[in-house]
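The block underneath contains the structure these notes are about, expressed in structure tokens.
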Amino acid sequence: MSPTTGERFERAVAIMARLRAPGGCPWDREQTFDSIKPYTLEETYEVLEAIDNRDWDELSGELGDLLLQVLFYSEMSKEQGTFTIDEVLEKLSRKLVDRHPHVFGDVQAETASEVVRNWEAIKAEEKKKRLAAGGGKAAQPAEQPESVLGGVSAAMPALLEAHKLSSRAAHVGFDWPNVEGLFDKLREETDELREELKEFPAPGPRPQAHGVAGSGRVQPLEELRERLEEEVGDLFFVLVNIARYLSVDPESALKKTNRKFKRRFQWMEERLRETGRKPERATPDELESLWQRAKELEKSQA
């Protein structure tokens with residue numbers, strides 16, 4: 001008989017414990033919560049890349065790597081006596097049941113938006129109970145009212161944080177009535193940035209020169225640089241809201257554009273290598289021509 005899902009999971013837990021035990025793997029035994037964090041982030045992005053590529057065989061392996069992170073943290077917590085993988089699973093199961101009263105209880109939710117509203121309300125109530133019990137991520141003074149934006153971690157990537165903040169605000173009605181309002185806002189923020197650029201030292205912003213980074217570039221005064229940073233941030237925030245309005249994940253969208261740019265630029269490099277040159281030896285017109293060829297080639301192969 002094939003092993004059950006539970007047996008397979010228990011085997012993975014046992015292997016992790018063996019790796020951390022005396023006589024186990026020296027590398028695994030040296031790891032700490034802080035040393036593993038970068039791998040957790042890396043594995044998460046590799047999962048997303050496999051999904052974007054629709055590479056299901058690769059995805060199963062990447063999900064295993066991501067699950068390894070959970071097992072790693074849980075084993076280290078077990079060693080220090082804080083919690084075990086059993087508590088992780090129990091809390092997960094309890095949370096899934098508690099947050100789906102329309103499935104496991106008598107609450108009605110006919111649409112996905114109703115489910116989201118219920119979910120947010122339940123999460124807010126859970127947080128109140130944790131704070132009242134002296135727990136939670138950051139216990140607040142009793143007299144301070146709970147914010148709709150509470151619980152959105154500032155540690156997550158900025159695009160994701162912006163998406164979550166604006167989504168939370170939208171759930172209580174703070175949103176644009178239609179997508180045209182967002183495009184109006186985008187034009188407004190673009191105009192504000194251009195207005196600030198009028199104070200940029202002559203001859204104005206220029207591309208980075210070849211050679212040493214920043215060489216030949218005029219730098220704005222610190223006060224102006226901060227204002228420009230703020231205006232650029234406002235532009236990003238509006239774009240994230242446009243993505244949210246269109247049900248597009250901004251992080252995934254930008255990742256795909258990054259990969260598209262990389263793919264096309266590397267095609268350009270290959271064509272230049274065929275003539276014994278590198279990009280820095282080509283003229284701007286040549287680079288633009290190659291770029292357009294790369295775009296047309298991708299379109300014809302789509």
field: N/O donor-acceptor pair under 3.5 Å between Thr44 side chain and Thr40 backbone
entry: yes
Side chain Thr84, main chain Lys78, donor-acceptor under 3.5 Å: no
- prompt: With side chains defined as the heavy atoms from C-beta onward, is the minimum distance between Arg187 and Asp184 less than 4.5 Å?
  reply: yes
- request: Verify side chain to side chain contact (heavy atoms under 4.5 Å, CB included) between Val152 and Arg168, making sure each step is shown before the conclusion.
  value: CA-CA 9 Å; Val152 178; Arg168 292 280 186 93; 3.8 Å; yes
message: Could you walk me through whether Lys255 and Glu251 satisfy the salt bridge (Lys or Arg N to Asp or Glu O under 4.0 Å) test, starting with their C-alpha distance in whole Å, then the side-chain angles of each, then the deciding distance to 0.1 Å, before giving a yes or no?
response: CA-CA 6 Å; Lys255 277 283 184 183; Glu251 185 73 19; 5.2 Å; no
message: Can you confirm whether Phe33 is buried at CZ, in the sense that more than 12 heavy atoms of other residues, nucleotides or ligands lie under 6.0 Å from that atom?
response: yes
- prompt: Between the main-chain N or O of Leu19 and the side-chain N or O of Arg29, is there a donor-acceptor pair closer than 3.5 Å?
  reply: no
query: CD of Glu230 to CG of Leu193: how many Å apart, nearest 0.5 Å?
result: 11.0 Å
field: Residues Glu87, Lys91: salt bridge by 4.0 Å N-O rule
entry: no
query: Would you say Glu222 has more than 12 foreign heavy atoms packed within less than 6.0 Å of its CD?
result: yes
field: Asp191 with Arg194: basic N within carboxylate O range, under 4.0 Å
entry: no
message: Using the rule given for side chain to side chain contact (heavy atoms under 4.5 Å, CB included), can you reason through Tyr73 versus Val88, listing the C-alpha separation, both sets of side-chain angles and the distance that settles it, and then say yes or no?
response: CA-CA 10 Å; Tyr73 290 126; Val88 173; over 6 Å; no
message: Whether Arg11 and Glu7 form a salt bridge (side-chain N of Lys/Arg under 4.0 Å from carboxylate O of Asp/Glu) is what I want to check.
response: no
message: Would you say that Met76 contacts Ile36 through its side chain, given a criterion of any heavy-atom pair below 4.5 Å between the two side chains?
response: yes
field: side chain to side chain contact (heavy atoms under 4.5 Å, CB included) partner of Arg264, the single match among Arg259, Arg293, Lys295
entry: Lys295
task: Decide if atom CZ of Arg273 counts as having more than 12 heavy atoms of other residues, nucleotides or ligands within a radius under 6.0 Å.
output: yes
query: Who pairs with Glu288 by side chain to side chain donor-acceptor pair (under 3.5 Å), at least two apart in sequence or on another chain?
result: Gln292
field: Sidechain N-carboxylate O distance under 4.0 Å for Arg263, Glu298
entry: yes
query: Where do Leu254 and Asn258 land on the side chain to side chain contact (heavy atoms under 4.5 Å, CB included) test, with the steps shown first?
result: CA-CA 6 Å; Leu254 184 56; Asn258 290 343; 3.9 Å; yes
query: Could you go step by step and tell me if His171 and Val148 meet the side chain to side chain contact (heavy atoms under 4.5 Å, CB included) rule?
result: CA-CA 9 Å; His171 286 155; Val148 170; over 6 Å; no
message: Check whether Trp267 forms a cation-pi arrangement with Arg271 (NZ or CZ under 6.0 Å from the six-membered ring centre, at most 45° off the ring normal).
response: yes
message: Any carboxylate oxygen within less than 4.0 angstrom of a Lys/Arg side-chain nitrogen, looking at Glu75 and Arg20?
response: no
- line: Leu272 and Pro279 have their tightest heavy-atom pair at CD1-CA, 3.6 Å
task: Return yes when atom CG of Asp57 has more than 12 non-hydrogen atoms of other residues, nucleotides or ligands closer than 6.0 Å, and no otherwise.
output: no
Ring-ring centroid check Trp291 Phe261, cutoff 6.0 Å: yes
query: For Trp56, which residues count as a ring-ring contact (aromatic ring centres under 6.0 Å, His included) partner, sequence neighbours excluded?
result: none
